[in-house]
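Just below is one structure, and these are the notes that go with it.
Per chain, numbering begins at 1; letters A, B, ... match sequence-line order. As a basis for the values below, the full set of heavy atoms in this structure was taken, side chains included, without hydrogen atoms, waters or symmetry mates.
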Protein chains: 2
Amino acid sequence: MSLPHAILTALLEKPSSGLDLTRRFDRSIGYFWSATHQQIYRELGRLEAEGHIRALPAAQPARGQKKAYEVLPAGRAELARWTAAPQDPKPHRDALLLRLRAAAVVGTAGLEADLRRHRELHRRQLAEYEEIEKRDFPPGDDSAQARLQHLVLRAGIELETFWIQWLTEALEDLPVVEDTP
Amino acid sequence: MSLPHAILTALLEKPSSGLDLTRRFDRSIGYFWSATHQQIYRELGRLEAEGHIRALPAAQPARGQKKAYEVLPAGRAELARWTAAPQDPKPHRDALLLRLRAAAVVGTAGLEADLRRHRELHRRQLAEYEEIEKRDFPPGDDSAQARLQHLVLRAGIELETFWIQWLTEALEDLPVVEDTP
DNA sequence: TGGTTCATGTAATGCGTTACATGATTAC
DNA sequence: GTAATCATGTAACGCATTACATGAACCA
C-alpha cells in the first residue's frame with residue numbers, strides 16, 4: 001500500500017498530470033517505486049475521491065485534455081502519518097538468485113550469457129545514477145532536503161555497485177553443472 | 001511467474017508435502033522467494049494438473065493426510081527451460097527509500113526509530129545467514145552444487161551487510177526536516 | 001485526410017494476501 | 001473425550017500487468 005504515498009510525494013514535489021507522473025515514475029521516483037500509467041490513473045481517481053488531491057481548476061475536462069493535480073491538506077496529513085508509522089520490510093524476491101539455485105539442480109546451461117547481460121544492465125543503471133549525482137548533488141549543497149535525497153540516491157548507487165561486483169565474482173566462479181535427469 | 005519454478009526446485013532438492021514446502025519457504029528458499037501456504041497449495045494443484053509433478057503413491061488421500069509430491073520429467077524439463085531463458089530484472093520496490101523521499105517533503109518525525117528497528121532486523125538476518133554459512137559451507141567443500149548455493153548465500157550476506165552500513169550512515173547523517181504545511 | 005504522438009482511460013487476468021474452514025493426530 | 005496442533009485446503013479481495021480503446025493536437 002505505498003503507491004498512493006509515492007504519488008502524494010511526487011505531487012507535493014511538483015503538481016503534475018497523469019502523464020507527467022508516468023514520466024517521473026520512469027526515472028526518479030520509479031528507481032525505487034515503479035508504476036505504470038494504468039496504475040497511476042487508477043490511483044489518482046481514488047486519491048481524488050478520498051479528498052487527498054484535487055484537479056487544478058485551470059484545465060479539467062475530458063479525454064485527451066491534460067489534467068493536473070495538487071495535494072490537499074488531508075493528503076499531506078496522510079503522507080506524514082504514513083511516513084512516520086513503523087513498517088516491516090517486505091520479503092525479497094529475486095528471480096536471478098532463484099535461477100542459480102535451480103541451476104544447481106538442473107544444470108547451468110544458458111546462465112552465463114544472462115549473467116553477463118544483467119551485469120551490463122546494472123552498469124548502465126549505475127552510470128545513470130552517477131550522472132544524476134554529478135548533476136543534482138554537487139559538493140557543498142547541504143540543505144536538509146538535498147541530504148535526504150542524496151542518501152536515497154547513494155543507496156541506489158551502492159546497490160548497483162554491489163550487483164556488478166557480485167555478478168563479476170559469480171561469472172569468475174561459475175561451475176559447470178550438467179543436467180542429468 | 002517464478003513461484004512454480006521455486007517449487008519445482010524445492011521438490012527436486014527433496015520431495016515434500018505442502019507443509020514441508022511451507023516450512024522450507026520460511027527459511028532457505030524463502031530468503032529470496034517468499035510464499036505462503038495458500039500460494040503453495042494452489043500452485044501444487046496447478047503443477048499436478050499440468051503433469052509437472054505428481055503425488056507420491058505412498059500416501060495420497062484427503063484432508064488432514066500428508067501428501068508428498070515429486071517432480072516428473074516434464075517438470076524438470078520446464079525448470080531447465082526457465083533457468084536457461086533470459087529474463088529482465090524486475091523494477092525494485094523499496095518502501096523505506098520512498099519514506100525517506102517523502103520525509104524530505106513532509107518532515108522526518110518518527111523516522112529515526114524505524115530506521116534503528118530496520119537495522120536491528122537486518123542484523124538478525126545477517127546473523128542467521130552467517131550461522132548457515134558456518135554450518136553448511138565449511139571451507140574446503142567445492143562441489144559444483146555447493147559453490148552455486150554458496151554464491152546465493154553470499155549475495156544474501158552482502159546485501160544485509162550493505163543495508164546495515166547504509167542505515168548506520170543514514171542515522172548519523174539524518175537531518176531534521178520540519179513539517180511545514 | 002491520414003498518420004503519429006499526446007493524453008486519459010477501460011477491461012481482463014493473475015499473483016499475493018488475509019480470513020476462514022475442515023479433517024486427522026497427539027497430549028492431557 | 002476434548003483441546004491443541006498438524007495438515008490441507010476454499011473464498012474474497014486487492015494490487016500489478018497486459019492488452020486494448022478513445023479523444024485531441026500536430027504534421028505531412
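- Residues from residues 8-39 of chain B lying near DNA chain C, meaning a heavy-atom separation below 4.0 Å, are B:T36, B:Q38, B:Q39 in numerical order.
- Side-chain to base pairing of A:R42 with D:dG14: no donor and acceptor N or O lie closer than 3.5 Å to each other.
- Rounded to whole angstrom, the span from the CZ atom of A:R46 across to the P atom of C:dT10 amounts to 12 Å.
- Rounded to whole Å, atom P of C:dG9 lies 14 Å from atom CG of A:L47.
- Using bins of under 30°, 30° to 60° and over 60° for the plane-to-plane angle, the ring pair A:W82/A:H5 lands in the parallel bin.
- Across A:A85 and B:D114, no two heavy atoms sit closer than the pair O-OD2, 4.1 Å.
- Summarising the geometry, the separation between CD on A:E43 and P on D:dT17 is reported as 13 Å, rounded to the nearest angstrom.
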In a table with atom names and distances, give each donor-acceptor pair under 3.5 Å that connects a side chain of residues 166-176 of chain A to protein atoms at least two apart or in another chain.
| residue | atom | partner | partner atom | Å |
| --- | --- | --- | --- | --- |
| A:W166 | NE1 | B:L151 | O | 3.1 |
| A:T168 | OG1 | A:R119 | NH1 | 3.1 |
| A:T168 | OG1 | A:I164 | O | 2.8 |

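- Tested against B:E120 for a salt bridge (charged side-chain N to carboxylate O under 4.0 Å, His left out), the candidates B:R116, B:R124, B:R117 yield a single pass: B:R124.
- Rounded to whole Å, the distance from OH on A:Y41 to P on D:dT22 is 17 Å.
- In this structure, CD1 in A:I7 is found 5.5 Å from CD in A:E43, a value given to the nearest 0.5 Å.
- B:L3 places its CG atom 10 Å from the C1' atom of C:dG16, with the value rounded to the nearest Å.
- In this structure, the NZ atom of B:K67 is 13 Å from the C1' atom of C:dG23, given to the nearest Å.
- When the side-chain nitrogen and oxygen atoms of A:K90 are compared with OP1 and OP2 of C:dG16, none of them lie within a distance under 4.0 Å.
- Per the geometry, CG belonging to A:D88 stands 15 Å off C1' belonging to C:dT17, to the nearest Å.
- Heavy-atom nearest nucleotides on DNA chain D were determined for B:Y69 and for B:P91, and the one closer to the 5' end corresponds to B:Y69.
- Taking the six-membered ring for Trp and thresholds of 30 and 60 degrees, A:F137 and A:H150 have nearly parallel ring planes, at less than 30 degrees apart.
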